[in-house]
Amino acid sequence: MQLTVNGEARNMPAGSRITDLVHELGLDGRKIAVERNLEIVPRSRYSLDRLAQDDRIEIVAFVGGG
């Protein structure tokens, strides 16, 4: 299925979940925030909610600094 992730087209297998996308991107799910179709997704839902055709996903990584 076709998604838009941070403004770029991306293909994922049908039935994929947010955790699958996070893993595919090589990200640490504890250090990111995910927005799906303009709504923040609680981390507790990453492994539960299935992605759908034409979903718009924005992923922001937390960066520490001083």
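In the hydrophobic clustering, where aliphatic and aromatic side chains (Ile, Leu, Val, Met, Phe, Trp, Tyr) are joined below 4.5 Å either directly or transitively, V60 stands alone. The other residues sharing a hydrophobic cluster with V34 are M1, L3, V5, M12, I18, L21, V22, L25, L27, I32, V41, Y46, L51, I57, I59, where clustering joins ILVMFWY side chains under 4.5 Å apart.
Under the 4.5 Å side-chain criterion, counting only non-hydrogen atoms from C-beta, R17 is in contact with D20.
The salt bridge (Lys or Arg N to Asp or Glu O under 4.0 Å) check on D28 picks up R30, with sequence neighbours excluded. Listed by chain and residue number, R10 satisfy the salt bridge (Lys or Arg N to Asp or Glu O under 4.0 Å) test with E24 (two or more places apart in sequence, or in another chain). With sequence neighbours left out, A33 forms a side-chain contact (heavy atoms from CB on, under 4.5 Å) with F62. Every residue meeting the salt bridge (Lys or Arg N to Asp or Glu O under 4.0 Å) condition with R45, not counting sequence neighbours, appears here in chain and number order: D49. In this structure Q2 satisfies the side-chain contact (heavy atoms from CB on, under 4.5 Å) test together with A9, N11, Q53, sequence neighbours excluded.
Residues in residues 50-65 take part in these salt bridge (charged side-chain N to carboxylate O under 4.0 Å, His left out) pairs, two or more places apart or across chains: R36-D55.
Taking both residues in full, the closest heavy atoms of S16 and P13 are given as OG-O, 2.6 Å, listed atom of the first, atom of the second, then distance.
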